[in-house]
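Just below is one structure, and these are the notes that go with it.
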Number of protein chains: 2
Amino acid sequence: MNTLELIQKNLDTFSKSERKVAEVIIASPQIAIHSSIATLAKMAEVSEPTVNRFCRRLETKGFPDFKLHLAQSLANGTPYVNRNVNEDDGPEAYTAKIFESTMACLDVAKNALDTSLINRAVDALTQANKISFFGLGASSSVAHDALNKFFRFNIPVACFDDVVMQKMSCINSTEGDVIVLISHTGRTKALVEVAQLARKSDAFVIALTAYNSPLALQSNLVLSMSVPEDTDIYMPMASRIAQLVLIDVLATGFTLRRGAKFRDNLKRVKDGIKDSRFDI
Amino acid sequence: MNTLELIQKNLDTFSKSERKVAEVIIASPQIAIHSSIATLAKMAEVSEPTVNRFCRRLETKGFPDFKLHLAQSLANGTPYVNRNVNEDDGPEAYTAKIFESTMACLDVAKNALDTSLINRAVDALTQANKISFFGLGASSSVAHDALNKFFRFNIPVACFDDVVMQKMSCINSTEGDVIVLISHTGRTKALVEVAQLARKSDAFVIALTAYNSPLALQSNLVLSMSVPEDTDIYMPMASRIAQLVLIDVLATGFTLRRGAKFRDNLKRVKDGIKDSRFDI
DNA sequence: TTTTTTCTGTAATAAAATGACATCTAATGG
DNA sequence: CCATTAGATGTCATTTTATTACAGAAAAAA
C-alpha cells in the first residue's frame with residue numbers, strides 16, 4: 001500500500017507530536033525524503049526520536065527504511081492525497097490541492113470499482129433498444145455528458161434533467177430499454193421514484209450512485225464508487241469527476257464491444273464537423 | 001531516467017573497483033537499497049569510499065541519496081501514464097487505462113496551469129455583474145456544470161449551449177459582465193465569433209481553451225491546459241475532465257475570496273434541499 | 001626508468017540514527 | 001481536587017553510518 005495514503009489513513013491513530021510529523025511529510029513528501037531525521041524533526045517542531053517512533057509505527061525498521069518506502073511510493077503511484085482547502089490558501093495552494101485530491105479520488109474510485117459489473121453494464125448498454133440518462137442537480141451535467149458520448153454511437157439515446165420528463169419517459173419504457181440514473185448520494189427522493197417507475201415498465205436500471213443507498217436498492221445494476229467528498233465546499237466535486245470518468249469507461253467498453261467497423265463510423269462523425277472548425 | 005538502466009549504460013565509464021560495485025547492485029538491487037555502505041562495500045569487495053565515489057559518479061549527492069534514487073526506480077512500473085486502449089483489452093484493462101490516463105492528464109494540466117492567471121480570472125469573476133458560461137458540443141456539459149456551481153453563489157449567472165442564444169446574450173452584454181468560453185480545441189468557428197461579439201460589447205472574455213488557438217487570441221484571459229488527447233476514441237475525454245477540475249478551482253477561488261460569511265450561505269443552500277432527500 | 005596521473009584503501013572525522021532514561025502530560029480513580 | 005499511573009515526549013549518550021583527507025599503489029605517459 002502507498003505509504004502516503006497509509007499516513008493519511010492512520011492520521012488519527014497518531015499522537016499529537018507524531019501527527020505534526022505526518023503533516024509535514026504529507027505537505028511536502030519530496031522534501032521529506034531528502035532530509036535527515038534532524039531537519040525533519042526541526043520542520044515538524046518535534047524531537048528526533050519522535051520522528052523515529054513515527055516511522056516505526058508505520059511498520060518500518062526506522063527512519064532510513066521509512067524514507068525508502070516513501071521514496072518508492074512517491075515513484076510508484078499517486079503522490080496525491082486528499083488535502084482540504086484552507087481559508088488562507090493562495091491560488092497555487094488551492095489549485096494544487098484540488099487537482100491532487102481529484103486525482104487521489106480517482107485512484108480510490110478506480111480501486112473500488114468492480115470491473116465485472118462494468119462488463120455487465122456494457123452488456124446491457126450494447127443490447128439496449130434505447131438508452132436514457134437521468135440526473136438531477138449537479139448530476140444532470142454528467143447525464144448531459146453521457147448523452148453527448150452515446151449520441152455519437154447512432155443509437156436511440158435520451159437525457160432529461162427534469163423530473164416530470166424523466167417520469168414520463170420511464171412510463172413509456174419497455175423491456176430492452178436501459179435507464180442510467182446518476183446521483184452521488186443516491187438519496188434524492190425524486191430519482192428513487194423514477195427508478196421504481198422504470199422497473200415497473202421492465203426497463204433495465206443502471207445506477208451510478210453510492211453503495212447500499214435507497215437508489216441503489218431500486219436498481220438492477222449498481223456501479224458505486226465510494227469517493228470521499230472531503231475537499232468539497234458544500235458541492236460535489238471529485239465524485240462527479242469520478243462519475244464522468246466512469247461514463248468514459250462505459251462508452252469505451254461500448255465501442256470496443258461494437259468492433260472496428262463501428263469505430264470507423266465514429267471517425268466519420270468527427271470528420272463531418274470539420275468544416276465548422278478553423279484549420280491549423 | 002531509471003537509475004538501474006543508467007548504471008548498466010555507464011558500465012564502461014567506471015573504474016575497475018567501481019564496476020564491481022555496479023555489478024553487485026545490478027545483481028541484487030533490492031538487497032542494495034537495504035544495505036549500509038559498509039555491507040555493500042564488503043559485498044563488492046571494495047572499500048567504503050569507493051562505493052561513495054561510485055554514487056557521486058551517478059550524479060547523486062552521496063550514498064543515501066543514491067539509495068533513494070535506486071529505490072524510486074525499482075518501484076515497479078511507470079504508474080500513471082497515458083496508455084491507449086487496445087481493441088483486445090478486457091474490462092479490467094480499459095477501466096484501469098482510462099482512469100490512469102485521466103489522472104496522468106490532470107497531472108499534466110496541473111503543471112501547465114499558470115496560477116497567476118487563475119488568480120486574475122477569480123478577480124474578474126468576483127467583480128462581475130453577471131457571469132455567462134458558453135460551450136458547444138462536448139464542452140456544453142462543462143458549461144452546464146459551471147452554471148450549477150456558480151448558480152449557488154447567488155449571483156446572476158447564465159449558460160447557453162445554443163449559438164444563437166449565445167450571440168444574442170453577447171450583444172446584450174455590457175462592461176462588467178464576464179463571459180467564460182469553453183472549447184477544447186479553440187477552433188470552433190461559431191464560438192470564436194461569439195468571443196468577438198462579446199469583446200465588442202466590452203464584456204470580459206475568459207477562455208478555457210488551447211494556447212494560441214483562434215479562440216484564445218480573441219479572449220481577454222486564457223486558461224490553457226494543453227492536455228494530450230491520446231486515449232480518446234474520437235471524442236474528448238480527459239481534456240473535458242481537466243476543464244471541469246479547472247471550473248472547480250475557479251469556484252473554490254471564488255468562495256475563498258468571498259470570505260467565511262459567504263460559505264455559511266452555501267451551507268444554507270445545501271440544508272435547504274434536505275427535505276428532498278432520504279435520511280440515513 | 002622516471003614522472004605523472006589516476007585509482008584505491010586506511011584512518012580520522014563528521015553526521016546521522018537509535019537507545020536509555022528522565023520528565024512531562026493527561027487520564028483515571030480515590 | 002489530588003494522587004497515581006500510563007502514555008507521550010524530549011535530552012543526552014551511544015552506536016552506527018557516511019564522508020573527508022590523505023597516502024600508497026597501479027597504470028599511463030614521457
Side-chain angles (χ1 to χ4, degrees), chain A residues 3 6-74, chain B residues 3 6-74:
Chain A
T3 305
L6 193 73
I7 297 173
Q8 183 85 21
K9 213 186 72 181
N10 294 24
L11 210 60
D12 44 336
T13 71
F14 297 134
S15 69
K16 203 168 53 181
S17 299
E18 283 170 354
R19 194 164 314 139
K20 283 190 205 166
V21 179
E23 276 158 10
V24 168
I25 291 169
I26 289 172
S28 44
Q30 286 294 346
I31 294 173
I33 58 170
H34 288 108
S35 308
S36 71
I37 195 166
T39 36
L40 193 63
K42 207 171 277 175
M43 280 198 280
E45 295 178 312
V46 297
S47 71
E48 298 176 24
T50 299
V51 177
N52 204 289
R53 284 187 281 260
F54 167 83
C55 297
R56 296 248 169 91
R57 205 170 286 268
L58 288 155
E59 290 164 358
T60 63
K61 267 202 82 195
F63 183 70
D65 188 42
F66 167 79
K67 280 209 290 191
L68 285 175
H69 277 98
L70 187 58
Q72 293 213 341
S73 75
L74 286 183
Chain B
T3 305
L6 193 73
I7 297 172
Q8 190 87 38
K9 211 185 74 181
N10 294 26
L11 210 60
D12 45 334
T13 70
F14 297 132
S15 71
K16 202 169 54 179
S17 301
E18 284 170 352
R19 194 166 312 140
K20 282 190 205 169
V21 180
E23 276 158 9
V24 169
I25 290 169
I26 289 171
S28 46
Q30 285 294 346
I31 295 173
I33 57 169
H34 288 108
S35 310
S36 71
I37 195 167
T39 37
L40 193 63
K42 208 170 276 175
M43 280 197 283
E45 295 177 311
V46 297
S47 70
E48 298 175 23
T50 301
V51 177
N52 202 292
R53 284 188 282 260
F54 165 84
C55 297
R56 297 246 169 92
R57 205 169 288 266
L58 288 155
E59 291 165 356
T60 63
K61 267 204 82 195
F63 183 70
D65 189 41
F66 167 79
K67 280 208 291 189
L68 285 175
H69 278 98
L70 186 59
Q72 294 211 339
S73 73
L74 286 181

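A, B, ... follow the sequence lines: proteins, then strands. Residue 1 opens every chain.
Between the side chain of B:Arg53 and the base of C:dG9, at least one donor-acceptor pair of N or O atoms lies under 3.5 Å.
Rounded to whole angstrom, the span from the CZ atom of B:Phe54 across to the P atom of D:dT19 amounts to 14 Å. For the pair B:Ile37 CD1 and C:dG9 P, the computed distance is 13 Å after rounding to whole Å. The separation between B:Phe14 atom CZ and C:dT8 atom C1' is 16 Å, rounded to whole Å. Going from atom CG of A:Asn52 over to atom P of D:dT17 covers 13 Å, rounded to whole Å. At whole-Å resolution of the value, CD in B:Glu48 and P in D:dT16 are 13 Å apart. A:Lys16 has its NZ atom 13 Å from the C1' atom of D:dG10, to the nearest Å. Following rounding to the nearest Å, A:Glu45 (CD) and D:dT11 (P) show an atom-to-atom distance of 13 Å. Note: CG (A:Leu40) to P (C:dA16) measures 13 Å, nearest angstrom.
The OG atom of B:Ser15 lies 8.5 Å from the CZ atom of B:Arg53; values are rounded to the nearest 0.5 Å.
When each of D:dG10, C:dA17, D:dA27 is scored by its nearest atom to the side-chain atoms of A:Ser36, the top-ranked nucleotide is C:dA17. The side chain of B:Phe63 sits closest to D:dT19 out of C:dA16, D:dT19, C:dG9.
Nearest heavy-atom pair, B:His34 versus A:Leu68, reported as atom, atom and distance to 0.1 Å: CD2-CD1, 3.9 Å. For B:Leu70 against B:Ala32, the heavy-atom pair with the smallest separation is CD2-CB, 4.3 Å. Scanning all heavy atoms of the two residues, the minimum distance from A:His69 to A:Thr3 falls at O-OG1, 3.5 Å.
Neither OP1 nor OP2 of D:dA8 sits under 4.0 Å from any side-chain N or O of A:Ser17. The side chain of A:Ser15 contributes no N or O atom lying less than 4.0 Å from OP1 or OP2 of D:dG7. Residue B:Arg56 places no side-chain N or O under 4.0 Å from the OP1 or OP2 atom of D:dA18.
Within 4.0 Å of B:Pro64, counting heavy atoms only, lie sugar-phosphate atoms of the nucleic acid but no base atom. Heavy atoms of A:Val46 sit under 4.0 angstrom from primed sugar atoms or phosphate atoms, though from no base atom.
Relative orientation of the A:Phe66 and A:Phe54 rings is perpendicular, given thresholds of 30° and 60° on the angle between their planes.
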